[in-house]
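Heads up: the structure comes next, in structure tokens.
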Amino acid sequence: MKGKQLFAKKIAEETIGVLTEDEVLEKIEFPKYQEQGDLAFPCFELAKVYKKNPASIATELATKTKSSYFSKVVSEGPYVNCFLNKKHVSKEVLVEIQTKKEAYGSLSVGQGEKVTIDFSSPNIAKPFSMGHLRSTVIGNAYANILEKCGYKAIRINHLGDWGTQFGKLISAYYRWGNEQVVRQDPIKELLKLYVRFHEEAEVDSRLEEEGRLWFLKLEQGDKKALELWQWFREVSLEEFKGIYKLLNVNFDSYNGEAFYNDKMEETIQLLKGEGLLSTSQGAEVVTLEEHNLPPCLIRKSDGATLYATRDLTAAIYRHKKYQFAKSVYVVGQEQSLHFQQVFLVLKKLGFNWASQLEHLPFGFILQNGKKMSTRKGKVVLLENVLREAIAMAEKSIEEKNPTLQNKSKVAHDVGIGAIIFQDLKTDPQHSVEFSLKDMLRFEGATGPYVQYTHARACSILRKSNRYNGNESLDGLSDEPSWSVVKKLMDFPTKVQESYEQANPSEIATYLLSLCREFNKYYAHCKILQEDNQLASRLALVECAAIVIKEGLSLLGMQAPSEM
RNA sequence: GUCCCAGUAGCUCAGCAGGAUAGAGCAACAGCCUUCUAAGCUGUGGGUCGCAGGUUCGAAUCCUGCCUGGGACGCCA
């Protein structure tokens, strides 16, 4: 990275009055092909100013740009190509990583400020679906990235534990439910009831009515309704916590929608006080005509509250409680309009912190090109998938490394890692077709591939019994190791990009490229070989292990040292 | 109908604050384990970057229109 800065400085010195150092820095690119060097500066812009052809400008600049940091600077067509001094730069990079260890790549932009991050948020009495998996792993990874950037992340699981759906469920339970049956396998039975409700409601419209009525009762504190709700919530949460344990995800708060019940009246009064509420078709709404958006529904015509009311209340509560610098919602893209509305209503209420709210949408998990639907009962249960992944990892270990210690722990880390990585490697915004086959794949561009690379690196370090990381090194200048060093140099930039774009997949794809380079290196160089480069090679292996482990940790994955 | 998102190799995806020869993985085929973990590495084949215009010295990348798929659009969340 310093090389880039220096290159920019040198170029700027030669183009005084035309380009500033920062402008040069912006234009510098990384050539695609190794023969073209490590850094490149295109001269098209200068050609316009100097009214000369870019190639001759490049030639001129190339001869003038010199530093002990560069091994050579040459022109190639309209580009000035810079080759860094491999030995010099690699030594500096390796020492930096060895010194900073897992703190390598950390940023301080957050300055310890708080960011609340609302993610996972499954619905009570429904199975934990693949869609919630996305929210969970993306949210958790983004929270880790925020922390890497100096923020204090507050992880909030905004449980879907309130709403009309519970009226429907209670109604269904009273119609067809049986306590014994539900106790045996709560979520599965409750889902059955929920699905049946929707099936029957299609032919009998009175059911919808009844469901709404039960929810109203629930909201008014009806004892029987509350008891059932409480029961549904408890058994569900228990099951969810099992999944979080498997995924190794923790929350600072499980305050779901119900938590805001007694706080919503205040929000409604606030809206009323500001004169924002109006009545429309019997419901109370905040109009957003000036933004060309449909109105935000605050209270239904039957007096019950809505999703938006709860989200408004939650935002206000969270700001009061945490004084966040940012508040992020990792929720599916189908809710984009909803968040747009909620954020605008808060702005209309005069909260200047409304601009610090951010919806981080993600795409659907599709089945045959269509969104999965819980209502029709067509869901793939996450827990089964996780268990299957672990079992497959176990089988793999039996085949490949039967004498491994800690087999079950490693199988867990690898199986879960495969699932998490599969999800995080694609851009969150993109919808993805559900594929069990891809999730359970351990070869190629997968989590286990990255973990395996790490384990290999660790294995070498273990075998080099004399290496302790304190040997003085003189750097490496061969091509295979240089490719790895360049990747290692990229890590801080990637951390920053993944933060700025709120995109964990930046880290995942980066790790794949680093591992690819490392594995090439591993295949082509004998590392444990007694010569005067041994310490440098081992340092390279150690640094690769550090960065891979830290990268995986940002994604919420473990990095076993053997597998 | 209005708005949002996507369309890159047979499949899954990178690349998209414009830049040199469009990259991986899977699948197919051909190789590499008496030497650091073969969950790996090497090679071969495979592309009108949805279509048509435009901006630019230069477009997969930016703009406009169209086509295709998905989603959202008042009492679900």
Would you indicate, yes or no, if [N] has its OP1 or OP2 atom less than 4.0 angstrom from a side-chain nitrogen or oxygen of [X]?
X: A/R516; N: B/G40; result: no
X: A/R462; N: B/C36; result: no
X: A/K32; N: B/A20; result: yes
X: A/R441; N: B/G25; result: no
X: A/T164; N: B/A77; result: yes
X: A/K520; N: B/C41; result: no
X: A/Y449; N: B/C41; result: yes
X: A/Y194; N: B/A77; result: no

For [X], which contact category applies under a 4.0 Å heavy-atom criterion: base, sugar-phosphate, or nothing?
X: A/S513; answer: nothing
X: A/Q36; answer: base
X: A/D302; answer: nothing
X: A/T426; answer: sugar-phosphate
X: A/V541; answer: nothing
X: A/L528; answer: base

Pairs under 3.5 angstrom only: tabulate donor-acceptor contacts from the side chains of residues 501-511 of chain A to other protein residues two or more places apart or in another chain.
residue: A/N503; atom: OD1; partner: A/S505; partner atom: N; Å: 2.9
residue: A/N503; atom: OD1; partner: A/S505; partner atom: OG; Å: 2.7
residue: A/N503; atom: ND2; partner: A/S505; partner atom: OG; Å: 3.3
residue: A/T509; atom: OG1; partner: A/S505; partner atom: O; Å: 2.9
residue: A/T509; atom: OG1; partner: A/E506; partner atom: O; Å: 3.3
residue: A/Y510; atom: OH; partner: A/K487; partner atom: O; Å: 2.7

### Task
Would you please name every residue forming a side chain to side chain donor-acceptor pair (under 3.5 Å) with A/K409, sequence neighbours left out?
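Side chain to side chain donor-acceptor pair (under 3.5 Å) check on A/K409 returns A/D413.
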#### Entry: Listed partners of A/N123 passing side chain to side chain donor-acceptor pair (under 3.5 Å), at least two apart
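For A/N123 there are no side chain to side chain donor-acceptor pair (under 3.5 Å) partners, ignoring immediate neighbours.
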### Side-chain ion pair, A/K272 and A/E265, N-O less than 4.0 Å
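Here A/K272 does not pair with A/E265 in a salt bridge, since their nearest N and O are not under 4.0 Å apart.
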### Message
Is a donor from one side chain sitting under 3.5 angstrom from an acceptor on the other, for A/H132 and A/S129?
### Response
yes
### Qualifying residues under salt bridge (Lys or Arg N to Asp or Glu O under 4.0 Å), relative to A/E29, sequence neighbours excluded
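A/E29 satisfies salt bridge (Lys or Arg N to Asp or Glu O under 4.0 Å) with no residue once adjacent residues are dropped.
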### Task
Could you point out which residue of A/E208, A/E200, A/E199 forms a salt bridge (charged side-chain N to carboxylate O under 4.0 Å, His left out) with A/K168?
A/E208
### Message
Using ring centroids (six-membered ring only for Trp), state whether A/Y329 and A/F339 fall under 6.0 Å.
### Response
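Here the rings of A/Y329 and A/F339 have centres that are less than 6.0 Å from each other.
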### Message
Which heavy atom of A/T446 sits nearest to which heavy atom of A/L512, and what is that distance?
### Response
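A/T446 and A/L512 have their closest heavy atoms at N-CD2, 4.0 Å.
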### Message
Determine whether the aromatic ring of A/Y33 stacks with the base of B/U21, defined as ring centroids separated by less than 5.5 Å and ring planes inclined by less than 30°.
### Response
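It does: the ring sits over the base of B/U21.
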### Which nucleotides of RNA chain B pair, in dot-bracket form (Watson-Crick or G-U under 3.5 Å, | meaning another strand)
((((((((.[[[[.)...(...]]]].(((((.......))))).....[[[[[..)....]]]]])))))))....
Taking only nitrogen or oxygen atoms into account, show me every contact under 3.5 Å that the protein makes with nucleotides 6-11 of chain B, one pair per line with its distance.
none

### Query
What about A/S336, does its side chain sit under 3.5 Å from the base of B/G71 through a donor-acceptor pair?
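Under the 3.5 Å cut-off, the side chain and the base do not form any donor-acceptor pair.
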